[in-house]
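For reference, the structure discussed in these notes is given below.
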Amino acid sequence: MDVGVIGAGYVGLVTAVGLASLGHRVSVGERDPERLEQLQSGRSPIFEDGLESLLVEHSATGALSFYGDNNDVLKRAGIVVIALPTPQGTDGQADTTFITSALEAMAPHMEPGTVVVLKSTVPIGTNARMTALIGDHASGVTVVSNPEFLREGRAIHDFLHPDRIVIGGSHTDSVELVAKMYADIDAPIVVTSPEAAELIKYASNAYLATRVSFANEIANLGDAMGLDVHDVLEAVGLDSRIGSHFLRPGPGYGGSCFPKDTAALVSIADNAGYDLTLVKAAMEVNARQPDRVISKLNEHLGDLADKKIAVWGIAFKADTDDVRESPAVRVISQLMTLGADVTAFDPHASGTGLDIEPEIAETALGAATNADALVIATEWADFADADLEMVRVAMAGNVIVDARNMLDPKVARSTGFHYVGMGR
Ligand code: UGA
């Protein structure tokens, strides 16, 4: 099939490469000239496992091509997937301005029969609004909602092996066409209304975020009672009705999705006259979680002014260089505000995005050198394998706050560390 993708950001690029891997001819519209040039020369503007090699492979065969003008995409494709950013707006809800302006510009050029697929996370009712907007300029165009559930760091895998494909639409032919686009993927397809499809995305992210906050609450309770909850959460997760995913305590959830989508769902509920108490509580727990990392340092070092603190991890989670809403960055920022001398290290993220950057070390050991305390803020697998003997020798102090529960407390303590985990 000839498919178009508008927006070569995280979701759009992974979708485009994934669709090309399924055998479709994919044309991508990207309006940022620098990004476009990068993509046309086979370089991925984002760090994502497997993305760049597939980009090169499918560009070489002509299955994947990039254009600066969205109308060049329209000329080549009967299905156009919209993957434009929907940042948090002033009212807490996702701002659909990018989508609205792109569709306003494209609509007069749309042929009857064109199917517009909304992949971006959008407020409930967006499909209906976009259908009306396009209807003012073109006839016979339908809009189908098809939210994405990709995880950063695992996005290509998630695209090709999703747990489900959600297709929300009011026209059987368009829904069937979108289903056909995914025919080679082995996953259940949920066909539903556009509004339900829009809500499924928010409900899924809000539930996962709530689970993380739940795990953090149990860990905080463990801390309050002097109990190690590691085994507790593991045993809870073994209940097949519960499952073990998203029960790892930490410094809180971050990234470009959970914080934004939980806030959006609360705002959606407010507008509908319903108070979404549970999700609000999950957000509140999350907002406080980085403070707990700071208190753990305070407990062992007292005032943090002029203390030298090493922070391992800047990205919001492992296997990505994304620092948006990263809890690690929130910890670093708070430490710097308190006057601590922070040196951070991350295997892929090169900076925090803060106005004043902390010192960034080239290696984990370099960051730890002469530090009074070490904070593990992102769950990079390498941190679990660190040579603790060497770290202990390099550091001036002996405090480790393992905000991701990566290390074995027994091993850390026997190496001479004062080990503090989350609920351990
Ligand atoms: C999330 C969802 O998992 C995807 O399904 C969804 O498509 C995506 O948002 C989106 O809306 O685009 P992602 O933001 O890549 O994906 O990150 P997750 O892997 O879900 O992790 C989110 C945060 O929760 C991270 O900060 C992570 O460290 C934290 N987390 C996760 C924990 O603290 N504990 C856990 O047990 C799991």
Side-chain angles (χ1 to χ4, degrees), residues 7 9-15 18 46-49 83-88 94 119-122 146-159 161-166 198 200-220 229-230 233-234 236-237 242-265 282-283 285-286 289-290 292-293 313-331 346 349 376-381 383 402-406 421-423:
Y10 203 85
V11 173
L13 189 53
V14 171
T15 302
I46 45 176
F47 168 74
E48 177 68 37
D49 196 26
L84 292 167
T86 49
Q88 192 166 336
K119 201 161 254 311
S120 312
T121 302
V122 292
N146 171 223
E148 57 84 19
F149 302 100
L150 311 172
R151 285 165 297 176
E152 291 191 21
R154 307 254 313 160
I156 300 282
H157 172 274
D158 288 351
F159 182 89
H161 308 280
D163 290 331
R164 77 299 207 189
I165 293 169
V166 174
E198 290 163 346
I200 287 167
K201 168 69 187 198
Y202 283 116
S204 302
N205 272 0
Y207 175 70
L208 290 170
T210 304
R211 273 179 77 106
V212 173
S213 279
F214 178 80
N216 284 333
E217 285 256 82
I218 296 296
N220 298 345
V229 301
H230 184 74
L233 286 167
E234 202 169 278
V236 167
I242 298 174
S244 58
H245 296 294
F246 285 78
L247 281 183
R248 273 181 290 112
Y253 59 76
S256 62
C257 304
F258 284 6
K260 168 171 89 82
D261 291 352
T262 43
L265 191 58
M283 290 168 67
V285 169
N286 199 58
Q289 207 59 14
R292 300 196 56 88
V293 177
I314 302 175
F316 83 95
K317 65 172 187 176
D319 303 321
T320 176
D321 61 353
D322 196 341
V323 301
R324 285 176 290 178
E325 300 287 328
S326 170
V329 173
R330 287 171 64 196
V331 168
D346 190 282
I376 303 182
T378 309
E379 69 278 32
W380 287 100
F383 297 158
D402 181 4
R404 295 286 187 167
N405 289 353
M406 302 282 295
M422 305 299 275

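Indexing begins at 1, ligand by ligand and atom by atom, following the structure's order.
Close contacts between ligand 1 and Arg404 involve ligand atoms 28 (O), 33 (O) [criterion: under 4.0 Å to a heavy atom]. Distances below 4.0 Å separate heavy atoms of Leu247 from the following atoms of ligand 1: 36 (O). The contact set between ligand 1 and Glu152, taken as ligand atoms under 4.0 Å from a residue heavy atom, comprises 15 (O). Of all the atoms in ligand 1, the ones that sit under 4.0 Å from a non-hydrogen atom of Val212 are 30 (N), 31 (C), 32 (C), 33 (O), 34 (N), 35 (C), 37 (C). Atoms of ligand 1 lying under 4.0 Å from at least one heavy atom of Asp261, given by number and element, are 11 (O).
For atom 3 (O) of ligand 1, the closest non-hydrogen atom of the protein is Arg151 CG, 3.5 Å. Annotation: atom 9 (O) of ligand 1 to nearest protein heavy atom, Cys257 CB, 3.3 Å. Looking only at heavy atoms of the protein, atom 4 (C) of ligand 1 is closest to Leu150 O, 3.3 Å. Nearest protein neighbour of atom 1 (C) of ligand 1, counting heavy atoms only, is Phe258 CE1, 3.4 Å. At the shortest separation from atom 18 (P) of ligand 1 among protein heavy atoms lies Lys317 NZ, 3.6 Å. Protein heavy atom closest to atom 37 (C) of ligand 1, with residue, atom name and distance, is Phe246 CD2, 3.3 Å. Among protein heavy atoms, the minimum distance from atom 24 (O) of ligand 1 is reached at Tyr253 CB, 3.3 Å.
Not close to ligand 1: Gly250, with no non-hydrogen atom less than 4.0 angstrom away. Heavy-atom separations between Lys201 and ligand 1 include at least one value shorter than 4.0 Å.
Residue nearest to atom 2 (C) of ligand 1, selected from Asp319, Thr378, Asp158, Asn205: Asn205 (by heavy-atom distance). Between the choices His245, Lys260, Glu148, Arg248, the shortest heavy-atom distance to atom 35 (C) of ligand 1 belongs to Arg248. Counting heavy atoms only, Phe316 comes closest to atom 25 (C) of ligand 1 of the residues Phe214, Phe316, Phe149, Tyr202. When the heavy atoms of Ser244, Pro162, Gly254 are ranked by distance to atom 26 (O) of ligand 1, first place goes to Gly254.
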Worksheet item: Do Thr15 and Glu148 pass the side-chain contact (heavy atoms from CB on, under 4.5 Å) test, and can you show the C-alpha distance, the side-chain angles, and the key distance before you say yes or no?
Response: CA-CA 9 Å; Thr15 302; Glu148 57 84 19; 5.6 Å; no

Practice prompt. List the steps, then state whether side-chain contact (heavy atoms from CB on, under 4.5 Å) holds for Lys260 with Arg324.
Written response: CA-CA 11 Å; Lys260 168 171 89 82; Arg324 285 176 290 178; over 6 Å; no

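Inter-residue side-chain proximity for Phe149 and Val166 is flagged as met; some heavy-atom pair is nearer than 4.5 Å. At a threshold of 4.5 Å between non-hydrogen side-chain atoms, the residues Pro249 and Asn405 count as touching.
Under the 30°/60° scheme for interplanar angles, the aromatic rings of Tyr253 and Phe258 are found to stand perpendicular.
Here the closest heavy-atom approach between residue Phe383 and residue Thr378 is recorded as CD1-O, 3.3 Å. Between Ile314 and Asp346, the shortest heavy-atom contact is N-OD2, 2.7 Å.
Between Arg330 and Glu325 there is no salt bridge, since no side-chain nitrogen of the basic residue lies less than 4.0 Å from a carboxylate oxygen of the acidic one.
In terms of modelled atom types and a separation under 3.5 Å, the side chain of Thr320 and the main chain of Gly153 share no donor-acceptor contact.
Counting heavy-atom neighbours within 6.0 Å of Phe214 CZ, excluding the residue itself, gives a total of 12 or less.
The only option from Asp158, Asp49, Asp319 that meets the salt bridge (charged side-chain N to carboxylate O under 4.0 Å, His left out) definition with Arg151 turns out to be Asp158.
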